Novice: 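I am attaching a structure below and will ask some questions about it afterwards.
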Amino acid sequence: MNLLESLNPEQCAAVEHPGGALLVIAGAGSGKTRVLTARIARLLANGVLPRAILAFTFTNRAAREMRARIGAVVGVPGSAGGVGRELWVGTFHATCVRLLRREAEAAGIPRGFAIYDREDQEAVIRGLVKKLELPETAFRVGTVLARISDAKNELVGPAEFERVAASPHERRLAEVYGLYQKELARNGALDFDDLIGVTVRLLHDRPDVAERYGQRFQHVLVDEYQDTNHAQFRLVHALAAVHGNLFVVGDDDQSIYGWRGADLSNVLEFERAFPGATVLRLEQNYRSTGNILRAANAVIAHNRARKGKTLWCEREAGARLRFALAEDEFDEARRVRRFLEDHVRRGRRLDEAAVLYRTNAQSRALESELLQQGLAHEIVGGVSFYQRREVKDLLAYLRLAVNPADAVAFWRVWNTPRRGLGSAVRREVEAVMSGRGVTPVEALRALVREGALSRAAARGADRLLGVLDELATRLEDPVDLLFMRLLAGTDYLRHLESLGEEDCEDRRANVEELAAAAGGFAARGEGALSDFLAETALLTDVDRLAEGVDRVLLLTAHNAKGLEFDSVVVAGLEEGLFPHGSALEDAAELEEERRLFYVALTRARDEVLLTAAATRRRFGALGGPLGGQVSRFVEEVPAELLEREVSPALAWQPRTGGARWEGGGVGASTVALRRGWSEPVREAPGRSGRNRTPEPAGRRGAVHRVIGREVYHEVFGRGIVVDAEDAAGDLKCTVRFASGTKKVMGRFLTGGSDGDPA
DNA sequence: TGCGTTGACCCTGGA
DNA sequence: GGTCAACGCA
């Protein structure tokens with residue numbers, strides 16, 4: 001296969017670019033992966049050595065696929081040896097791990113450093129908040145971590161954070177940040193952000209190292225450049241500075257990771273950062289039908305912060321997009337399921353369809369419908385495989401074997417399975433740790449040796465140390481053998497059974513899958529235990545997706561990036577959900593939501609179904625319902641491209657700036673559902689609401705109808721009702737105003753558009 | 001120390 | 001509606 005054949009002129013220009021900095025603005029479905037692959041193949045064909053090429057991809061999966069394609073083109077079979085090993089293709093994180101393992105000494109970190117995921121980070125922060133006796137409300141673990149992560153993405157260390165702190169709270173945060181870094185260092189651990197940050201620091205502090213890698217990687221390529229953050233930009237800059245051969249591909253309209261520091265100015269100001277840079281544009285779409293593309297173009301045109309481009313295609317117009325307004329999330333799930341059945345009826349495979357949503361929580365209703373109806377599916381994301389409790393437990397043992405300083409791993413497993421070790425012993429171990437400056441493993445060993453423990457505790461400690469010592473002496477064994485030793489040594493499977501949980505079988509299956517993963521890793525002969533552990537830390541559900549399994553995927557729009565399907569459902573298109581409520585009051589965040597919707601739409605080749613639900617429960621049946629307005633994004637799709645199906649129980653009236661539904665339907669369906677708790681939830685599929693006369697809306701209905709509504713208040717101005725409750729013949733509304741969220745009685749509010757008191 | 005119950009928090013997104 | 005930590009009791 002010749003990758004250069006059948007490239008269009010713009011693609012060709014990119015692939016043949018002589019060198020220097022090049023930015024390729026590549027629209028959705030414009031063949032950017034092909035261009036990147038062809039570019040690398042071209043470089044190799046021109047005599048560039050594989051070891052002189054470094055390519056960053058967004059997912060491990062993309063890296064694997066790219067390596068395979070390049071291998072096929074340049075005729076090197078497999079990934080082992082030759083091109084596969086010499087050519088560096090990987091995500092930012094995986095690449096940094098690889099570099100840091102080689103340069104651990106120069107970077108001042110242990111070679112077997114652990115990689116802390118979110119859960120590990122939380123354990124560290126929780127310990128600090130407790131130790132410093134900080135108020136847990138003001139220092140919520142998630143918030144603290146988010147602030148630290150933001151700082152790291154901007155390459156701001158604790159000292160700098162302290163310097164710019166604007167309040168006592170911020171100074172306290174700086175302190176926590178500093179102690180967090182100390183704790184990670186003591187544990188021999190790096191968090192995800194550190195992987196990038198420490199590499200950048202290494203290249204900055206050690207010009208000799210920077211020079212070495214700069215000389216080696218004569219060509220640096222970056223995919224999904226629009227989602228790089230400042231730290232990643234600096235990394236790329238440092239590596240490419242020597243020769244300036246930087247080839248980046250991105251699409252400002254698909255930038256969807258602003259919340260984790262992605263900096264669109266990396267794209268928008270590329271030419272300033274790299275003087276003399278060339279910019280090329282790929283605007284021909286090879287993926288979607290004309291209608292889908294027109295819809296996507298129309299929607300994204302509402303964004304102001306963009307370079308501006310219009311995709312075109314040669315494909316036929318195809319079917320119109322469909323929009324279904326459902327009564328609630330269960331009705332929505334049924335409509336989705338019927339759409340999928342149609343897809344199969346058209347002779348397509350289920351794995352050529354996907355259901356996309358904004359939040360992972362939405363998967364529940366969808367999954368239960370698909371389960372009931374026996375439609376094969378797979379949920380991607382949420383709690384991923386390597387985050388399952390049993391998987392993390394077992395991995396924690398392996399982590400300890402490689403790095404006994406890893407206190408988070410130690411405390412995770414020291415009494416799992418139960419060994420009679422509790423909080424009393426823990427306090428003693430911690431005292432020895434801080435008193436003598438030793439690892440938790442050594443502290444425990446010392447306590448045993450010195451006879452400081454009760455007989456029962458000493459026996460438990462002996463068992464734990466026995467397992468850890470056995471692993472430690474066999475570090476060079478193949479990973480799968482080591483894993484079997486671990487299972488036997490801890491009797492972990494019996495521990496699982498002893499828990500007597502309902503999902504015992506699932507957990508057992510996960511342990512077996514982990515064993516299989518270890519076996520696969522060993523068979524590939526790709527290296528040490530620490531490499532296996534890094535892989536488990538960095539692989540995501542998307543990376544692990546199997547090819548050729550005939551099932552529909554359920555996943556977030558974020559996770560769908562880079563994938564494509566014949567048929568795509570975008571579910572939950574309601575104001576407050578998609579676009580998400582947290583983005584409604586910020587123009588920039590709203591534009592990011594729109595880009596996310598654009599990404600979702602452009603995953604589709606042939607058929608699109610958009611769905612919304614008039615009511616939707618949060619936190620299960622007990623939480624308040626969400627809902628009120630169809631997403632503005634649906635309204636931004638030109639009407640002639642959209643085929644609307646509305647549940648007959650809902651009187652639906654489109655208006656400018658977002659459609660609303662009114663009348664008894666919403667209230668009635670909610671009432672019916674509430675009643676239906678102990679009864680069959682709903683009538684047979686396919687007939688929902690068709691022959692039903694809507695009941696008159698009671699006060700319940702009134703409550704549900706005001707939520708999401710735009711209102712006006714004499715003092716506070718315009719706001720959005722986020723919640724409401726009955727109060728003495730009126731509604732007590734919780735309203736989000738620009739100045740903050742307040743509780744206001746309904747009689748003080750006027751409706752935003754219809755003037756009717758809410 | 002082990003175990004069951006209660007109650008808080010949760011549900012933007014993810015390497 | 002699910003998870004997890006704190007709490008109280010055996």
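Please read all numbers here as calculations on a predicted model, not as lab measurements. Reminder, nothing fancy here: chain letters follow the sequence lines and each chain counts from 1.
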Novice: For the side chain of V425(A), starting at C-beta, report the closest nucleotide among dA15(B), dT1(B), dT12(B).
Specialist: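 Selected nucleotide (nearest to the side chain): dT1(B).
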
Novice: Given atom CZ of R426(A) and atom P of dT1(B), what is their separation to the nearest angstrom?
Specialist: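 After rounding, the reported distance stands at 13 Å.
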
Novice: Could you check which residues of residues 230-237 of chain A get a heavy atom under 4.0 Å from DNA chain B? Sort them by number, please.
Specialist: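 Hits under 4.0 Å, by residue number: none.
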
Novice: At their closest point, which heavy atom of D543(A) faces which heavy atom of R61(A), and how far apart are they?
Specialist: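 Nearest heavy atoms, D543(A) then R61(A): OD1-N, 2.9 Å.
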
Novice: Between D193(A) and S149(A), is any side-chain donor less than 3.5 angstrom from a side-chain acceptor?
Specialist: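 Judged by distance alone, the side chains do pair up.
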
Novice: Check the distance between dT12(B)'s P and E575(A)'s CD and give it to me in whole angstrom.
Specialist: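 In whole Å, dT12(B) P lies 17 Å from E575(A) CD.
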
Novice: Can you list, by residue number, the residues of residues 142-157 of chain A that have a non-hydrogen atom closer than 4.0 angstrom to DNA chain B?
Specialist: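 DNA chain B contact set from residues 142-157 of chain A: none.
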
Novice: Across nucleotides 2-10 of chain C, 5' to 3', mark each nucleotide with B, S or - according to how protein heavy atoms within less than 4.0 Å reach it.
Specialist: ---SS----

Novice: Please give, in whole Å, the distance from dG13(B) P to K561(A) NZ?
Specialist: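 That distance rounds to 16 Å.
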
Novice: Going from OH on Y492(A) to CG on D393(A), what distance comes out if it is rounded to the nearest 0.5 angstrom?
Specialist: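 It comes to 3.5 Å.
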
Novice: Start with the C-alpha gap between R306(A) and E591(A), add the side-chain angles, then the distance that decides, and say whether salt bridge (Lys or Arg N to Asp or Glu O under 4.0 Å) holds.
Specialist: CA-CA 10 Å; R306(A) 60 190 295 247; E591(A) 294 207 344; over 6 Å; no

Novice: Out of L356(A), N559(A), I379(A), which one pairs with L554(A) under the side chain to side chain contact (heavy atoms under 4.5 Å, CB included) rule?
Specialist: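 Considering L356(A), N559(A), I379(A), a side chain to side chain contact (heavy atoms under 4.5 Å, CB included) with L554(A) is found only for I379(A).
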
Novice: Table please: side-chain donor-acceptor pairs of residues 530-539 of chain A below 3.5 Å, with sequence neighbours left out.
Specialist:
unit_1  : atom_1 : unit_2  : atom_2 : d
D531(A) : OD2    : A528(A) : N      : 3.1
E535(A) : OE2    : R524(A) : NH2    : 3.4
T536(A) : OG1    : L533(A) : O      : 2.7

Novice: Starting at atom CZ of R118(A), determine the distance to atom C1' of dC10(B), rounded to an integer number of angstrom.
Specialist: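 One finds 13 Å between C1' of dC10(B) and CZ of R118(A), rounded.
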
Novice: Before accepting this row, confirm whether a basic side-chain N of the pair E329(A)/R364(A) lies closer than 4.0 Å to the acidic partner's carboxylate O.
Specialist: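 Judged by the 4.0 Å cut-off on N to carboxylate O distance, E329(A) and R364(A) do not form a salt bridge.
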
Novice: Please tabulate the protein-to-nucleotide N/O contacts below 3.5 Å involving nucleotides 2-5 of chain B, giving atom names and distances.
Specialist:
unit_1 : atom_1 : unit_2  : atom_2 : d
dC3(B) : OP2    : R418(A) : NE     : 3.3

Novice: Does the side chain of N187(A) pick up a donor-acceptor pair with the side chain of Y116(A) at under 3.5 Å?
Specialist: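 Side chains of N187(A) and Y116(A): pair found under 3.5 Å.
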
Novice: What is the distance, to the nearest angstrom, from the CZ atom on F192(A) to the C1' atom on dA15(B)?
Specialist: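 F192(A) atom CZ is separated from dA15(B) atom C1' by 5 Å.
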
Novice: Within the pair N360(A) and dG13(B), is there a side-chain N or O less than 4.0 Å away from OP1 or OP2?
Specialist: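 Checking dG13(B) against N360(A), a side-chain N or O does come within under 4.0 Å of OP1 or OP2.
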
Novice: Do T540(A) and T59(A) have side-chain heavy atoms sitting under 4.5 Å apart?
Specialist: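 A side-chain contact is absent here, since even the closest heavy-atom pair is not under 4.5 Å.
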
Novice: Quick one: is dA15(B) close enough that its OP1 or OP2 comes under 4.0 Å of any side-chain N or O from H93(A)?
Specialist: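 Answer is no, no contact under 4.0 Å.
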
Novice: For N60(A), which contact category applies under a 4.0 Å heavy-atom criterion: base, sugar-phosphate, or nothing?
Specialist: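 No contact at all - N60(A) keeps every heavy atom at 4.0 Å or more from the nucleic acid.
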
Novice: Do the numbers put K561(A) on top of the ring of F58(A), so that NZ or CZ is under 6.0 Å from the six-membered ring centre and no more than 45° off the axis?
Specialist: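 Here K561(A) passes the 6.0 Å and 45° test against F58(A).
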
Novice: Can you figure out which of dT12(B), dG13(B), dA15(B) approaches the side chain of T540(A) most closely?
Specialist: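 Among dT12(B), dG13(B), dA15(B), the one nearest the side chain of T540(A) is dA15(B).
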
Novice: Tell me whether the ring of Y257(A) lies stacked over the dG14(B) base, given a 5.5 Å limit on centroids and a 30° limit on the plane angle.
Specialist: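 Not stacked by the 5.5 Å and 30° rule.
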
Novice: So which protein nitrogen or oxygen atoms get under 3.5 Å of nucleotides 6-9 of chain B's nitrogens or oxygens?
Specialist:
none

Novice: Tell me which of D543(A) and R358(A) sits closer to the 5' end of DNA chain B, going by the nucleotide each one is nearest to.
Specialist: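 Checking each residue's closest nucleotide, the 5'-ward one belongs to R358(A).
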
Novice: How would you label the contact of D193(A) with the nucleic acid (heavy atoms, under 4.0 Å): base, sugar-phosphate, or nothing?
Specialist: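 Since a base atom lies under 4.0 Å of D193(A), the category is base.
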
Novice: Would you mind classifying the nucleic acid contact of S423(A) as base, sugar-phosphate or nothing, using non-hydrogen atoms under 4.0 angstrom?
Specialist: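 The answer is sugar-phosphate, as S423(A) gets under 4.0 Å only of primed atoms, P, OP1 or OP2.
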
Novice: What I want to check is whether the side chains of H580(A) and S582(A) have a donor and an acceptor closer together than 3.5 Å.
Specialist: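 Yes, S582(A) and H580(A) have a side-chain donor paired with an acceptor closer than 3.5 Å.
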
Novice: So which nucleotide from dT1(B), dG13(B), dA15(B) ends up closest to the side chain of R260(A)?
Specialist: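 Given the options dT1(B), dG13(B), dA15(B), the side chain of R260(A) is closest to dA15(B).
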
Novice: Validate the cation-pi geometry between R419(A) and W414(A): distance from NZ or CZ to the six-membered ring centre under 6.0 Å, angle to the ring axis within 45°.
Specialist: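 No; the conditions do not both hold, so R419(A) does not lie above the ring face of W414(A).
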
Novice: Measure CZ/F578(A) against P/dG13(B) and give the value in whole Å, please.
Specialist: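 So the two atoms are 12 Å apart, to the nearest Å.
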
Novice: Using a 4.0 Å heavy-atom cut-off across all strands, classify A424(A) as base, sugar-phosphate, or nothing.
Specialist: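 Sugar-phosphate: the residue A424(A), judged by heavy atoms under 4.0 Å, touches backbone atoms but no base.
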
Novice: For the residue pair A461(A) and V448(A), what are the closest heavy atoms and their distance?
Specialist: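 Distance-wise, the nearest heavy atoms are CB-CG2, 3.6 Å.
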
Novice: Roughly how many Å is it from CG in L555(A) to C1' in dG14(B), rounded to a whole number?
Specialist: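 Interatomic distance, CG of L555(A) to C1' of dG14(B): 13 Å.
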
Novice: Going by atom types only, do S631(A) and E574(A) share a side-chain donor-acceptor pair under 3.5 Å?
Specialist: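 Side chains of S631(A) and E574(A): no pair found under 3.5 Å.
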
Novice: Is a side-chain donor-acceptor pair under 3.5 Å present for D117(A) with Y386(A)?
Specialist: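 On atom types as modelled, these side chains do not qualify, holding no pair under 3.5 Å.
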
Novice: Could you check whether T556(A) gets within reach of a base, just the sugar-phosphate, or nothing at all, counting any heavy atom under 4.0 Å?
Specialist: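 The residue T556(A) makes sugar-phosphate contact but no base contact.
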
Novice: Determine, step by step, whether E327(A) and R616(A) satisfy the salt bridge (Lys or Arg N to Asp or Glu O under 4.0 Å) criterion, reporting the C-alpha distance in whole Å, the side-chain angles of both residues, the deciding distance to 0.1 Å, and the verdict.
Specialist: CA-CA 9 Å; E327(A) 291 171 50; R616(A) 182 185 299 278; over 6 Å; no

Novice: Within the structure provided, determine whether E369(A) and V336(A) are in side-chain contact (heavy-atom separation under 4.5 Å).
Specialist: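 Heavy-atom side-chain distance check fails, nothing below 4.5 Å.
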
Novice: Measure from CH2 on W259(A) to C1' on dC11(B) and round the result to the nearest Å.
Specialist: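 Roughly 14 Å, once rounded to whole Å.
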
Novice: Distance only, no hydrogens: is a donor on one side chain within 3.5 Å (strictly under) of an acceptor on the other, for Q226(A) and D252(A)?
Specialist: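 Q226(A) vs D252(A): no donor-acceptor pair found between side chains.
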
